[in-house]
Amino acid sequence: MSGTLTVVGTPIGNLGDFSPRAQEALAEADFIAAEDTRVTMKLLAHFGIRKPLVSYFEHNKRERGELICRRIEAGENCALVSDAGMPAISDPGEQLVAQCAERGIRVVAVPGPSAVVTALALSGLPTGRFTFEGFLSVNKKSRREHLEKLKGEERTMVFYEAPHKLAGTLADLLEALGDRRVALARELTKVHEEVLRTTLAQAARQYGEGGAKGEFVLVVEGAAPAAPAPGATVEEAAALALRYAEEGVSASEAARRAAGETGLKKGQVYRALLALQQEE
Ligand code: SAM
């Protein structure tokens with residue numbers, strides 16, 4: 001009978017975040033597929049786990065993925081880990097999960113910390129709807145095209161970035177999106193954890209000289225919703241109110257704002273908003 005691939009989240013800094021279930025998953029697997037076997041050896045040593053490791057990373061994932069799938073199909077259980085956080089999220093593993101899914105191999109998760117949701121939760125920005133943009137490309141053209149597409153994005157946007165590229169990324173975000181609120185979440189769950197809630201212009205000034213240290217997640221405010229002009233229909237106003245509600249304000253406050261912007265009566269917009277929410 002075919003085995004299982006278990007995707008196991010590991011700490012993003014604090015080993016105390018490694019759950020008993022995650023430890024059990026590694027201890028019970030027949031083998032562990034790891035992004036960097038040296039990093040995973042340290043984690044295993046800390047928790048007193050001994051297990052055969054197979055390296056699975058960006059440059060060997062094609063042939064290793066095949067080998068891992070064959071071993072699972074032959075009945076072995078594999079645990080997949082990356083260096084930190086959830087595998088497959090800006091980390092190797094996405095393709096292995098897809099490969100297993102395609103071959104009908106059972107894939108389960110032992111969820112753990114991930115920098116994207118941790119930073120979002122601490123950002124103080126709307127969390128109701130967000131997009132994860134990962135790392136911006138270092139290729140100038142793709143980077144420009146990516147940022148161009150984000151200009152009108154109304155959802156909160158989350159980016160990963162390496163410290164030595166932070167200054168350039170802040171400058172590019174400011175140029176493409178204009179000044180916006182941003183939260184820079186640094187060294188999450190570690191001794192020097194810090195969340196700087198500021199604007200892109202201020203952050204670009206602060207880090208313009210370089211010198212950023214540690215790991216960073218940038219959480220950037222979405223574009224202001226394009227308000228329907230006065231004379232909008234109730235449906236349009238309700239759609240606007242729905243966007244506000246999804247950003248985390250109460251239905252009543254969302255209706256009040258949308259009514260204010262469209263010149264319609266709040267009660268009318270409120271009822272249409274509730275109807276929309278029920279439909280969803
Ligand atoms: N799979 C991981 C996850 O689920 O969070 C992400 C791996 S990605 C290769 C590494 C990036 O995640 C870093 O460059 C940084 O942007 C972010 N990151 C990881 N750990 C972090 C931490 N403790 N504090 C802030 N950002 C972190």
Side-chain angles (χ1 to χ4, degrees), residues 5-19 21-22 25-26 32-40 42-43 46 55-61 79-98 107-125 127 130-138 143 146-147 150 156-170 172-173 182-198 200 203 206-207 210-220:
L5 176 74
T6 306
V7 180
V8 182
T10 60
I12 55 171
N14 190 323
L15 289 180
D17 294 336
F18 201 45
S19 71
R21 192 170 162 243
L26 297 194
I32 299 171
E35 178 182 10
D36 182 333
T37 51
R38 284 162 310 177
V39 172
T40 302
K42 282 191 200 148
L43 181 77
H46 183 89
S55 84
Y56 178 86
F57 61 98
E58 195 50 39
H59 301 292
N60 73 1
K61 63 184 186 187
L80 169 70
V81 296
S82 60
D83 288 352
M86 277 308 281
I89 306 300
S90 286
D91 261 343
E94 181 182 355
Q95 198 168 324
L96 183 60
V97 172
V107 184
V108 297
V110 176
S114 186
V116 46
V117 282
T118 311
L120 179 70
L122 297 183
S123 68
L125 291 168
T127 61
F130 69 95
T131 74
F132 176 53
E133 303 298 329
F135 290 96
L136 284 172
S137 170
V138 286
R143 192 179 176 92
H146 186 167
L147 288 172
L150 293 179
T156 299
M157 292 162 276
V158 186
F159 300 87
Y160 281 167
E161 196 44 287
H164 63 283
K165 296 188 194 140
L166 183 69
T169 294
L170 287 169
D172 289 350
L173 286 169
V182 62
L184 289 90
R186 189 174 85 87
E187 294 286 89
L188 292 164
T189 77
K190 302 184 196 175
V191 179
H192 297 293
E193 171 172 318
E194 174 183 65
V195 181
L196 177 65
R197 299 180 188 87
T198 179
L200 281 174
Q206 179 164 341
Y207 288 104
K213 286 206 182 83
E215 298 198 273
F216 283 85
V217 180
L218 309 181
V219 187
V220 183

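For this chain, numbers begin at 1 and follow the sequence in order. Note that ligands are numbered from 1 as they come in the structure, with each ligand's atoms numbered from 1 the same way.
In the vicinity of Gly85, heavy-atom distances shorter than 4.0 Å reach the ligand 1 atoms 3 (C), 4 (O). Heavy-atom contacts of Glu161 reach the following atoms of ligand 1: 14 (O), 16 (O) (cutoff under 4.0 Å). In summary, the atoms of ligand 1 found under 4.0 Å from a heavy atom of Lys190, numbered by their order in the structure, are 23 (N). Shown in contact with Met86 at under 4.0 Å from a heavy atom are these atoms of ligand 1, numbered in order with element: 1 (N), 3 (C), 4 (O). Within ligand 1, counting atoms from 1 as listed, the ones closer than 4.0 Å to a heavy atom of Ser90 are 7 (C), 8 (S), 9 (C).
Note on ligand 1: Thr189 sits outside its first shell, no heavy atom being nearer than 4.0 Å. Under a 4.0 Å heavy-atom criterion, Phe135 is in contact with ligand 1. Ligand 1 does not have Gly13 within reach: every non-hydrogen atom of the residue lies 4.0 Å or more from it.
Residue contacts with ligand 1: Ile12 is placed with a nitrogen or oxygen under 3.5 Å of a nitrogen or oxygen of the ligand (distance criterion only). Where the criterion is an N or O separation shorter than 3.5 Å, residue side chain and backbone included, Ser82 fails it with respect to ligand 1.
Of all the heavy atoms of Ala84, the ones lying under 4.0 Å from any atom of ligand 1 belong exclusively to the backbone. Proximity of Asp91 to ligand 1, defined as any heavy-atom pair under 4.0 Å, is confined to the side chain (atoms from C-beta onward).
Aromatic ring centres of Phe132 and Tyr160: separated by under 6.0 Å.
Judged purely by atom type and a 3.5 angstrom limit, Arg143 uses its side chain to pair as donor or acceptor with the backbone of Ser137. In this structure, the side chain of Arg21 does not engage the main chain of Pro111 through any donor-acceptor pair within 3.5 Å. Although no hydrogens or angles enter the test, the distance criterion places no donor-acceptor pair under 3.5 Å between the side chain of Asp83 and the main chain of Val39. No donor-acceptor pair under 3.5 Å is formed between the side chain of Ser114 and the backbone N or O of Val117.
For atom 4 (O) of ligand 1, the closest heavy atom belonging to the protein is Ser114 OG, 2.7 Å. In terms of protein heavy-atom proximity, atom 22 (C) of ligand 1 is closest to Leu188 N, 3.6 Å. Among all protein heavy atoms, the one lying closest to atom 20 (N) of ligand 1 is Glu215 OE1, 3.3 Å. In terms of protein heavy-atom proximity, atom 26 (N) of ligand 1 is closest to Val217 CG2, 3.3 Å. In terms of protein heavy-atom proximity, atom 15 (C) of ligand 1 is closest to Phe216 O, 3.3 Å.
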Identify every side-chain donor-acceptor pair in residues 182-192 under 3.5 Å, counting partners at least two apart or on other chains, and give the distances.
residue : atom : partner : partner atom : Å
Arg186  : NE   : Glu194  : OE1          : 3.0
Arg186  : NH1  : Lys213  : O            : 2.7
Glu187  : OE1  : Lys190  : NZ           : 3.3
Glu187  : OE1  : Glu215  : N            : 2.9
Thr189  : OG1  : Asn14   : N            : 3.2
Lys190  : NZ   : Glu215  : OE1          : 3.1

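For the residue pair Ser82 and Thr10, the shortest heavy atom distance occurs at O-OG1, 3.6 Å.
The side chain to side chain contact (heavy atoms under 4.5 Å, CB included) test with Asp91 is passed by exactly one of Glu35, Glu58, Met86: Glu35.
In this structure, the side chains of Leu122 and Val219 stay at 4.5 Å or more apart for every pair of heavy atoms.
Of the candidates Ala115, Ala88, Gly93, Ala115 brings a heavy atom nearest to atom 27 (C) of ligand 1.
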Test log, rule side-chain contact (heavy atoms from CB on, under 4.5 Å), inputs Val8 and Phe18 = CA-CA 10 Å; Val8 182; Phe18 201 45; 4.3 Å; yes

Would Leu96 and Tyr56 satisfy side-chain contact (heavy atoms from CB on, under 4.5 Å), going step by step from the backbone distance to the final call?
-> CA-CA 9 Å; Leu96 183 60; Tyr56 178 86; 3.4 Å; yes

